[in-house]
Structures are given as structure tokens and as C-alpha cells.
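Step one of this worksheet: look at the structure below.
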Amino acid sequence: MFKSAFFVSLLATTLANPFNLTRRTCGSELTTEQIAAFEADFTAKKVEAPEFSIFAATIPVYFHVIQKDSTLSGGKRPLNAQISVMNQAYAGSGLTFTLAGIDHTTNANWFNQVGPDSSLQTTMKNSLRTGGVNALNVYTVGFVSGSGAGLLGYSTFPSSYSGNPKDDGVVMLYSSVPGGTASPYNLGQTLTHEAGHWLGLYHTFQGGCSGSGDSVSDTPPEASAAFGCPTGRDTCSGGGVDPIHNFMDYTDDACMTQFTAGQIARIKSQILTYRNISV
């Protein structure tokens with residue numbers, strides 16, 4: 001049984017100020033074996049989107065705001081702008097994200113210490129997760145200490161749902177929502193990126209310059225994650241410059257602007273296969 005959650009992390013510049021973020025880093029990259037297993041399962045079960053039909057699907061989003069108190073620094077954040085950012089990012093995919101609900105839970109332990117594979121995460125998700133396989137549950141936390149210390153976010157993948165439905169969803173840093181304090185990652189693209197995983201996408205730099213990479217043919221190979229916004233970066237010979245503007249790289253929020261046609265096709269097939277979403 002493979003881990004259901006793989007996550008993207010951010011390192012803080014100092015332990016004293018964990019929200020002074022300087023770059024994205026990967027907290028748990030997928031191994032070649034894990035990718036092979038996911039792809040074998042996908043190949044065996046794959047449902048293709050009808051070629052000539054109009055693809056349109058609505059994803060209900062449930063926000064679970066975990067806060068240590070009722071202040072902005074304690075975790076309370078306005079979230080309506082986050083849905084707008086998501087819909088702009090996924091425009092052209094046929095997906096529409098709609099706010100289905102927001103609940104607030106004051107729990108300092110969850111806010112500070114929730115992280116991948118922690119018992120606190122299990123308790124939190126078991127208590128709060130809402131909806132079925134098609135519902136995106138987003139938990140906003142502080143990632144202050146414990147296994148989540150310094151993380152920007154992490155997400156489950158579609159094929160993991162059947163094995164552990166309550167685990168399904170995204171956990172993200174509360175201050176990375178639009179208008180938050182986690183600059184340069186405070187324009188809302190953390191959730192765009194993590195939702196990409198939730199919809200079945202890998203990082204653009206998965207596998208480096210060799211192999212099948214991110215299993216999408218039109219994302220140029222990339223030797224490693226890109227940070228900042230390094231225009232013209234080209235780490236693999238042939239195939240084009242690195243996809244630094246792709247939402248599934250690690251560049252600054254302002255640098256992220258696109259999904260490719262191949263990524264959109266993969267998303268459609270992944271959710272038809274695993275998330276019981278029909279056109």
C-alpha cells in the first residue's frame with residue numbers, strides 16, 4: 001500500500017519566523033517505483049474523455065479553517081478570492097470550482113502540529129471531511145511544528161481515494177491564500193498546485209531528464225525544480241526550455257500561469273477514472 005499523501009514543502013528562512021518563506025522545496029518526492037505502480041493502475045482502469053463532447057464538471061470545495069484563535073495571524077482568513085484564483089487557473093479545462101462550505105475549528109494543536117501521516121491529521125480529517133469522491137476538501141493550517149513544520153501544502157492523489165476516503169484532500173498553509181503573508185507564495189497558487197495533485201498531476205520535474213517524467217507528453221523535461229522565475233532556464237537537452245510557468249513547478253506564485261493541453265487531458269481522464277465525475 002503506497003502513501004496516500006505526497007506533499008510540497010516550503011522551508012522557512014529562520015525557525016523564529018516560519019512564514020518568511022524563500023523557496024519551495026519537495027518534502028517527499030515520488031519514487032520511480034511509486035510512479036510505476038500508480039501508472040500501471042491508471043492504465044488498467046483508464047477512462048478516456050469523449051473526444052468530441054463538451055467537458056464540463058463542477059468541483060465542490062469545502063474549506064476547513066483550522067485556527068489557534070480568531071485573529072488573522074491565528075489562522076482566520078477570507079477565502080472567497082481563493083475560488084476565483086482557482087477558476088482562473090483552470091479556465092479552459094472544463095472544470096469549475098464552487099464554494100460548497102466553510103467551517104472554522106479552533107484547535108491550536110491541529111493548527112500548529114498537523115502534518116503528513118500524523119495522528120492529529122487523521123483525527124482532523126476524520127472529524128471534518130465532507131462530501132464524496134468528487135468533493136475537494138481543503139484544510140488550512142499553520143504548519144508550525146511536528147511532521148508538518150515548514151510545509152506549504154500536500155495532497156492526496158485520485159487513485160488513493162478508494163483505499164482511504166477520509167484521508168482525501170489538500171492540507172495547506174493558511175497564509176498562502178490570496179492576500180496572505182507567505183510572500184512570494186500568497187497569490188493563491190498553492191491551492192492551484194495542490195489541487196493539480198488531487199486531480200492526478202505530478203510535478204513537471206518528476207523523473208528529471210529521463211524516463212516518462214510527469215507522464216504528460218507536452219511538458220518539456222526538467223532536471224530539477226525551478227525557483228523564483230528563471231526565464232529561459234533549460235536543464236535538459238532537447239524538448240524545449242523548462243516549464244517554469246507551469247502550475248506544477250515550484251516557481252513563485254506570480255510566475256505560475258498555465259497548464260498544458262496534455263495536463264488538462266490527463267486531469268479529465270484521471271477524474272473520470274477515479275473521482276466518479278462524468279461529463
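Because only heavy atoms are used, hydrogens play no part in the values below, and waters and symmetry mates are left out as well, while side chains stay in.
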Going by disulfide (SG to SG under 2.5 Å), name the pairs with one or both residues in [range], residues two or more places apart or in two chains.
range	result
residues 79-112	none
residues 99-164	none
residues 143-213	C209-C236

Let me check something: any side-chain donor-acceptor pairs from residues 262-271 under 3.5 Å, sequence neighbours excluded? List them with distances.
from : atom 1 : to   : atom 2 : distance (Å)
Q263 : OE1    : N246 : ND2    : 2.8
Q263 : OE1    : T260 : N      : 2.8
Q263 : NE2    : N246 : OD1    : 3.0
R266 : NE     : G200 : O      : 2.8
R266 : NH1    : E39  : OE1    : 3.3
R266 : NH2    : E39  : OE2    : 2.8
R266 : NH2    : G200 : O      : 3.3
S269 : OG     : V47  : O      : 2.7

Listed partners of [X] passing side-chain contact (heavy atoms from CB on, under 4.5 Å), at least two apart:
X	value
A89	Q189, T192, F247
N186	S183
N80	L99
L128	H64, I66, D103, T105, W110, M124, Y139

Sorted by first residue and then second, give each side chain to side chain donor-acceptor pair (under 3.5 Å) pair with at least one member in residues 81-101; sequence neighbours left out.
none

The remaining residues in the hydrophobic cluster of V85, counting side-chain heavy-atom contacts under 4.5 Å among Ile, Leu, Val, Met, Phe, Trp and Tyr, are none

Does Y62 sit in a hydrophobic cluster with other residues, and if so which ones, taking ILVMFWY side chains as linked at heavy-atom separations under 4.5 Å, directly or through other members?
none

Can you pull the salt bridge (charged side-chain N to carboxylate O under 4.0 Å, His left out) pairs that have at least one residue in residues 134-147, sequence neighbours excluded?
none

Is a donor from one side chain sitting under 3.5 angstrom from an acceptor on the other, for E222 and T204?
yes

